[in-house]
Peer 1: 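Before I ask anything, let me first share the structure, which is written out below as structure tokens.
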Amino acid sequence: MRWPAVITAVLDLLEADPQLSAALGGAHVYEAVTGRESRIPSLEYTVVADTEAENTEDVVVQLDVIAHGMTAAIAIETRVRALLALQLPVTIGGIEMWSMFEGGRNVPFPAQGGAVQRALDFRFTPARSTAA
Amino acid sequence: MSRQKWDIAIRVGDTRGLADSLLDEIRPAAEAAVLHGADMLVDEAVAILRAPRSSPAAAGEPPAMITGELADSIERIPVSWPFPFVVESGAKSDLPQAGRLEFGGSDKTGRRIAPHPFLRTAGERARARIYREMERTV
């Protein structure tokens, strides 16, 4: 089971990135929790799926960009994709994996006029853990 | 010069004719395989939505079943050919709340509604079986 380590590695990468922190006004990356008011701007994450294949484990994560206006949202998304939408195997937090962008979509944000939410799916594929 | 143009024209024409003929040959099998894969996806999504689960479900988990309306709404997407060599189908729900459950969102006060993915979960669980079935059929 590698998804906890993968999530930790990815969050560490996002929170340590100066450009992303500048766009977010700090290391504002949180787990999506029902009922909590979202900080704007921020990134929220949800583990959508973790599956095991013969040699690999896939972890699919939804990252929600929440920002004031589409321009700010695009700036954050651009940086996130630069960090995580990669076409080659990479090492993140000491874990070798494929890190790929799967798709994104706009999500309505009815509470505030001008606030924008973009939901981005990323797939992380490390080698399967040999631990029982 | 004229000979070169003639050669090219013949080659293109032959290739296109061969491709069209191949496409006509595989089209029924390809559509059947994709529709079968879509049915497997629908079945998986319905099974996920009908599985016993505590309510409210945790963030990232499929939603707990309350009325069964969402499970009943899952249906196959009609087959289409968006490009000559790409055939598509899938699973969907037309219920207004389906997208908000799958991807999450927020309410009018700005409070978060966490994602409760069920179609993406179904896709992940059924992916390997669908690929195997499509390889076997086509």
Side-chain angles (χ1 to χ4, degrees), chain A residues 3-4 6-7 28-68 102-125 128, chain B residues 40-41 44-45 47-49 51 53-64 66 77 82 86 88 90-133 135:
Chain A
W3 70 262
V6 168
I7 286 293
H28 295 296
V29 186
Y30 308 105
E31 185 174 9
V33 176
T34 293
R36 189 173 63 195
E37 195 169 332
S38 294
R39 184 192 188 279
I40 307 176
S42 67
L43 266 182
E44 295 191 2
Y45 70 92
T46 306
V47 177
V48 169
D50 64 291
T51 54
E52 294 184 351
E54 187 176 354
N55 298 313
T56 57
E57 295 185 26
D58 279 12
V59 183
V60 179
V61 177
Q62 177 177 322
L63 282 176
D64 288 283
V65 176
I66 303 168
H68 290 294
E102 296 241 301
R105 64 206 68 82
N106 294 341
V107 175
F109 197 94
Q112 285 192 38
V116 170
Q117 183 171 346
R118 289 269 301 159
L120 314 173
D121 285 352
F122 290 90
R123 179 180 298 273
F124 306 103
T125 308
R128 185 167 169 174
Chain B
M40 293 167 74
L41 188 57
E44 187 69 44
I48 285 170
L49 288 169
R53 173 171 300 113
S54 63
S55 179
E61 292 292 316
I66 298 172
I77 297 171
V86 177
E88 284 185 351
K92 65 166 185 169
S93 167
D94 290 330
L95 284 184
Q97 67 268 36
R100 196 162 69 165
L101 284 167
E102 177 72 33
F103 301 115
S106 56
D107 64 17
K108 289 178 182 173
T109 68
R111 294 195 182 282
R112 192 77 162 91
I113 300 163
H116 293 286
F118 52 96
L119 281 177
R120 285 174 292 175
T121 306
E124 291 300 311
R125 290 187 188 173
R127 173 194 297 257
R129 278 185 287 124
I130 291 173
Y131 283 172
R132 274 198 304 272
E133 184 66 16
E135 282 175 1

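Numbers restart at 1 for each chain; the letters A, B, ... are given by sequence-line order, proteins then strands.
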Peer 1: Nearest 0.5 Å please: distance from the CD1 atom of B/Ile113 over to the OG atom of B/Ser106.
Peer 2: 6.5 Å

Peer 1: Does any backbone or side-chain atom of A/Thr34 lie under 4.5 Å from a heavy atom of chain B? Answer side chain, backbone, both or neither.
Peer 2: both

Peer 1: Does the distance from a Lys or Arg side-chain N to an Asp or Glu carboxylate O, for A/Glu44 and A/Arg39, drop under 4.0 Å?
Peer 2: no

Peer 1: Would you mind checking if A/Glu37 and B/Arg112 are paired as a salt bridge, meaning a charged N to carboxylate O distance below 4.0 Å?
Peer 2: no

Peer 1: If we define contacts as heavy-atom pairs under 4.5 Å, which of A/Arg123, A/Glu102, A/Gln117, A/Glu31 has the most with chain B?
Peer 2: A/Arg123

Peer 1: Would you mind telling me which of A/Ala115, A/Ala32, A/Gly35 has the largest number of heavy-atom pairs within less than 4.5 Å of chain B?
Peer 2: A/Gly35

Peer 1: Of the backbone (N, CA, C, O) and the side chain (C-beta and beyond), which part of A/Thr51 lies under 4.5 Å from a heavy atom of chain B, both, or neither?
Peer 2: side chain

Peer 1: Is the number of heavy atoms from other residues, nucleotides or ligands within 6.0 Å of CZ (B/Arg100) greater than 12?
Peer 2: no

Peer 1: Taking B/Glu124 first and then B/Arg127, would you say they form a salt bridge - that is, a charged N and a carboxylate O separated by under 4.0 Å?
Peer 2: yes

Peer 1: Pick one of side chain, backbone, both or neither for A/Asp121, based on which atoms fall under 4.5 Å of a heavy atom in chain B.
Peer 2: side chain

Peer 1: Heavy-atom cut-off 4.5 Å, strictly under: side chain, backbone, both or neither for A/Val48 against chain B?
Peer 2: both

